[in-house]
Each structure stands twice: as structure tokens, then as C-alpha cells.
2 protein chains.
Amino acid sequence: MPEAALRRSVAINVAHGNAAAHCADCEARHIGMCDALTDDEISFLARTAQRTTVAAGKVFIEEQEPAAYFYNISAGNVRVFKSLPDGRRHITGFMGVGQFLGLDVAGSYAFSAEAMGEVQLCRFHRKALHEVFGEFPALERRLLNIATHELTVAHDQMLLLGRKTAQERVASFLMTWAERNEHCPAGGVPKPGQKLPLPMTRIDLADYLGLTIETVSRSLSAMKRDGLIALDHAHEVLLLKPQRLADIAAGEA
Amino acid sequence: MPEAALRRSVAINVAHGNAAAHCADCEARHIGMCDALTDDEISFLARTAQRTTVAAGKVFIEEQEPAAYFYNISAGNVRVFKSLPDGRRHITGFMGVGQFLGLDVAGSYAFSAEAMGEVQLCRFHRKALHEVFGEFPALERRLLNIATHELTVAHDQMLLLGRKTAQERVASFLMTWAERNEHCPAGGVPKPGQKLPLPMTRIDLADYLGLTIETVSRSLSAMKRDGLIALDHAHEVLLLKPQRLADIAAGEA
DNA sequence: GGCGCTCCTTGATCTGAATCAAGCGGCCGG
DNA sequence: CCGGCCGCTTGATTCAGATCAAGGAGCGCC
């Protein structure tokens, strides 16, 4: 059993307990928000935190609900989305281990969040977290950096949704997803043949890219036909010509 | 001459001077970032600030350039945009008095910014501003609030770009623009007959809404035909049936 | 091991918005 | 006051992607 998986089981076993004694074991201890803090600071903060487990498919944050909590993801993936009254949906992001939920909030949540598989969360009362800011300015600074980075990502996605073709959107997604999964040498392009897991469904991809499932599927098939990717299983691509994909993603003429 | 216009002239006259003595007279003194600070704090901060004037049409922030400055808008409007290599453009936002430029930045600017008319800016060295954070935590907290709010706005816009029809996009824009221009009773709908100035061109609107100028024009004409708006001059609409517009904007079936 | 989901792919057709094209009108400079 | 230009509107046509439709493949469950 690999070490990471071992640590994950431990986290699952202590679910619902107080997190104070367990931050040291958390998958997210050295990522995201938590990485900004010293061990002393985090054990202080942990007194206000709770571990919870969320079953696959469960919507654990509902748009419009009063925003009582911040969440930090300890294990699993989450889809964050907004909906229109007639059921149209847009996924604003896929969030993974160490990522933070509950920033873009004013009183009520501005988004819904759903567990893609089973998910472990570390939950903080918003009020408690705000009280902690005074003690640990590093945390507030860290959150500003996170918010700032998310804003950049959001603006990139607006360019994608407003002005890119279907192929460009799918290529862009593959590149940012590869980067997110640390398959890229810092800021560069993944190596040819890089294997990339796609834990989300085609519906998720469509709702994230502003397309339909058929168009996503066709775009991927076209890339396969053109030798840019290989696609043996629906949830795994091989990036055969990553540089070409990066060029398409960037909208090179 | 109305008082606001008078104060604006004063600001123009002191352009390029040190801002220290002039924050008190600034249009933006009680909005956005500056509103978070006491008079003492702001005069401290102002030592590192410079007033500059930018001519209409001038691109004063270029995507990819090293991000040396933060800006606060003292007068005028700015279009913030991103471009693809073949010239496709997406406007991420229209920024006005008191608004803040330079948040979503990591080393280099992630966007370009262009003056829509003549613009007055208050400019801070990023480094200087960061040094000031230690002294005035209120400023950092304020910036986190601003970033958080911008993130909400960006996510709303992603829903618009990914899933709304042309009519819904235009209606959404009219509603948010009315709110921005304080024509709405807090969070509500503007009153019927409300006059709304549109300082931007149809190209701007198209690039902001992910449409073409023809489609923007047709959508507005359709709303006029249906009695939802009146449109005597191209740059001013009357909101005849604001509630109906709000429903369309929200995607009511 | 087979039944029946659910998810994915592929094909045929349709359509909302883009593109191509032609005026119109307000406004600035002469 | 006139001419030309730029930005806007409107009409005709095209097209990228949506919708409609029909299997196929993987997989959990019995």
C-alpha cells in the first residue's frame, strides 16, 4: 500500500472527529490554505475545524443557502456549479485535494458543490475563521493569494467560453488539467505520451466548457483521428502531441 | 458646474503630482480600496502613490508585461480584456471610478486595460503596497473582500457565457449595468422608465458577452420591438419593463 | 454469466448566432 | 453647410454546434 493511500485511510477512519490531532496526517497539510501556517498555528486553527465525509454524488453546498462554513478538501474531487431555473448548468471548476471552497461568498453561497466520488472535507465556521485572521495574518494573506489566482483562472475561462471554438476549448481543458495534475514541468507542456486521467463524465466536461456532450465527444474523436491523443478508455487520454494541443489551446491560427 | 465635475477638474489639474495632498479631493476617496482606510492611513499610503492621466483609447496595461503597479481609478472608465493571437478579444470587465486594477496578477499582468475615455488613475508600486500591508491589515482585508466579490461576478459571467442565449446575455448585462450605476434599490430591480447610459460601443458589448455586434444589435432591437426597452440614442436605453428584463436575465423559462 | 442500467460515440438534421453584405445616420472637420 | 467616416442597424446566407436519434460498450447487480 503506498504511503499516500495509507494516510488516506487514516483520515477516513477519523472522520467526524475533531481535526486538532489529525492535521499532521492530512493529505492537504502541505497544500493550499494549510501550507501557509506553522504547526502551532494549524493546531490552533484545528480546534475550530471538523472532518466530514461526503458520499459520491451528494450536493453538500447549495446555491442560495446561508454560507455558514468554509471547506478545505482533504481527499477526493468536487464539482462546483451554478444553475439556471430551467436546469441549464455551468460548472465553474473541478476542485481537488488541498483546494478551498467558500471564497466567493457574501452571506449566501453563490454556487453549489457536489462530491464527484467519496470526499473528505475539513470544515470551518466562517465566523471562527474570521476571528483567527487577527492572530494569523499569514492566513489572510494566503487567502488573498488564492483568491487572486482563482480570479486569473476565472478570466482565462471567460476568454475560453466567450471566444474559443469547441476544439480549442477541449484542448485548453486537457492542458490545464495536465498542469493541475502536475504532469507539466513548471508552466511548460506535458511530455509526449503523458497519461492523463479524466475522473469527470462527458456531461461534466460539457457543462464546464459550455458545450454539449456530443460536441465534447466529437472533438475528442477528431483529436484521436488526427493523432493528437489516444483514447482507449473514456476516462483516460494519452497526450501524443502535447505541443500541438497547447498551440490549439492558445488559439494559434 | 456640478460639484463632482468641479472636483474632477481639480484632479486633472494636479495630474502627475504626488497624491499625498490630494486624496481628500479624490472622487474615489470613499469607494473601493481607499474607503477601507482612515485619513491617517491614506495619507501614509499616498506617499507611494502617483496620479496619472491616460488619453482615450490608450492601452495602459499590456497582458504579459511585468506587473509593476496596482491602479485605482479616480475618474473615467476602463475596459479590461484578454486577446488570442489571431485578434479575437474578450472583455472581462468594464471598470469605473473607485475600482481596482491589478489583483489577478502573478509577476506579469494577465490582462490588458484600455481607457474608454480620458481616465485618471492613482498608481501604486506593487512592492510598496505589499510593504504597507503589515502596517494596515485593514487594507489587506479590504482587498480580500474585493477579490472575493470579483470572483462571484466572474462566476456569474461564466454561467452567462457558457449557458445563456443572446437575449439573456443582453438582458443580464442591462441589469448588472443598472445595478453598477446605482439605478437599483439595493439588490432589486430598477424602476420602470429608468434611463441607463451605455458608454461602451457595440463592439465592446459583443466582446464582453461573447457575441458579435450584429447579434447585440438585433437583441436590443428585438427588446425594443417587444416594448421591454426604448432606444432613442445608441448609447442610452430606457428600461420600460425592468422586471421582465430581470426575469429574462435570470433565465426564467 | 447475463440482464439492464448508464455513459459514450456516431450519424442525420436543425437552428441560433456568425458571417457576408448593404444601407443609414450622427458627427466631426473642412 | 456639406462630405466622408465610423459606428449602428437590418437583411440574406452560411455554418458550428445543438438537437434528435440510434446503437455500442462497460459495469454493477442479480
Side-chain angles (χ1 to χ4, degrees), chain A residues 55-57 79 84 86-91 114 116-118 160-174 197-226 229-237 248 251, chain B residues 56-57 79 84 86-91 114 116-117 160-174 197-226 229-237 248 251:
Chain A
R79 51 175 85 82
L84 292 170
D86 63 359
R88 280 174 286 172
R89 184 179 79 153
H90 184 77
I91 293 183
E114 180 179 354
M116 291 171 72
E118 184 173 281
L160 178 149
L161 294 167
R163 289 293 178 233
K164 288 187 182 177
T165 66
Q167 279 254 343
E168 287 166 355
R169 293 180 199 209
V170 173
S172 297
F173 167 75
L174 290 176
L198 301 180
M200 66 290 291
T201 69
R202 296 291 188 265
I203 297 179
D204 287 336
L205 280 176
D207 285 348
Y208 180 63
L209 298 175
L211 300 169
T212 59
I213 51 172
E214 292 94 334
T215 300
V216 170
S217 187
R218 277 187 247 272
S219 299
L220 286 169
S221 297
M223 288 177 180
K224 185 179 173 182
R225 176 173 36 72
D226 298 345
I229 61 171
L231 193 61
D232 294 331
H233 319 286
H235 293 283
E236 185 180 291
V237 284
I248 293 171
Chain B
R79 53 175 83 83
L84 291 170
D86 63 1
R88 280 174 285 174
R89 183 179 77 154
H90 184 77
I91 294 183
E114 180 179 353
M116 291 169 74
L160 179 150
L161 293 167
R163 289 295 179 231
K164 288 188 183 176
T165 66
Q167 279 254 345
E168 289 166 353
R169 293 180 199 209
V170 173
S172 297
F173 168 75
L174 291 176
L198 301 179
M200 67 288 291
T201 68
R202 295 292 187 264
I203 298 179
D204 287 336
L205 280 177
D207 285 347
Y208 180 62
L209 298 174
L211 300 169
T212 59
I213 51 173
E214 292 94 332
T215 299
V216 170
S217 187
R218 277 187 247 272
S219 299
L220 286 169
S221 297
M223 288 176 179
K224 184 178 173 184
R225 175 173 39 71
D226 298 344
I229 62 172
L231 195 59
D232 294 330
H233 319 286
H235 293 284
E236 185 180 290
V237 285
I248 293 172

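Because the structure is predicted, anything quoted here is derived from the model rather than measured. Here is the naming used below: chain letters follow the sequence lines, and residue numbers restart at 1 for every chain.
Scanning all heavy atoms of the two residues, the minimum distance from A:Leu160 to A:Ser172 falls at CD1-CB, 3.6 Å. Residue B:Gly210 comes nearest to B:Leu161 through the heavy atom pair N-CD2, 3.8 Å, listed as atom of the first residue, atom of the second, then distance. The nearest pair of heavy atoms linking A:His90 to B:Arg163 is CB-CG, 4.1 Å. Closest approach of A:Ile213 and A:Ala206 over heavy atoms only: N-CB, 3.5 Å. For A:Glu236 against A:Leu231, the heavy-atom pair with the smallest separation is O-CD1, 3.7 Å.
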With salt bridge (charged side-chain N to carboxylate O under 4.0 Å, His left out) as the criterion, how do B:Asp207 and B:Arg88 come out once you've worked through the C-alpha distance, each side chain's angles and the decisive distance to 0.1 Å?
CA-CA 9 Å; B:Asp207 285 347; B:Arg88 280 174 285 174; over 6 Å; no
Decide yes or no on side chain to side chain contact (heavy atoms under 4.5 Å, CB included) for B:Arg169 and B:Leu211, but give the supporting numbers first.
CA-CA 9 Å; B:Arg169 293 180 199 209; B:Leu211 300 169; 4.1 Å; yes
For B:Thr215 and B:Gln167, what are the C-alpha separation, side-chain angles and deciding distance, and is it a side chain to side chain contact (heavy atoms under 4.5 Å, CB included)?
CA-CA 9 Å; B:Thr215 299; B:Gln167 279 254 345; over 6 Å; no
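Regarding B:Asp207, its CG atom lies at a distance of 15 Å from the C1' atom of D:dC8, rounded to whole Å. As a whole-Å value, the separation of B:Leu198 CG from D:dC8 C1' is 13 Å. Atom CD1 of A:Ile213 is separated from atom C1' of D:dC20 by 12 Å (rounded to the nearest Å). In this structure, CG of B:Leu231 is placed 11 Å from P of D:dC8, rounded to the nearest angstrom. Summarising the geometry, the separation between NE2 on B:His233 and P on D:dG7 is reported as 19 Å, rounded to the nearest angstrom. Note: CD (B:Glu214) to P (D:dA12) measures 15 Å, nearest angstrom.
Contact annotation for B:Thr212: base contact, defined as any heavy-atom pair under 4.0 Å involving a base atom. A:Leu220 comes within 4.0 angstrom of nothing in the nucleic acid, heavy atoms only.
For A:Gln167 and B:Met200, each mapped to the nucleotide of DNA chain D holding its nearest heavy atom, the one lying further toward the 5' end belongs to B:Met200.
Mapping heavy-atom proximity under 4.0 Å, the span of DNA chain C touched by chain B runs 5' to 3' from C:dA17 to C:dC20.
Dashed line: the shortest gap from a side-chain N or O of A:Arg218 to OP1 or OP2 of D:dG17 is not under 4.0 Å. Remark: B:Ser217 is not in phosphate contact with D:dC8, judged by side-chain N or O atoms under 4.0 Å from OP1 or OP2.
A:Arg89 has its side chain within reach of A:Arg79: a pair of non-hydrogen atoms, C-beta onward, lies under 4.5 Å apart.
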N/O to N/O distances under 3.5 Å, protein versus nucleotides 25-30 of chain D:
none

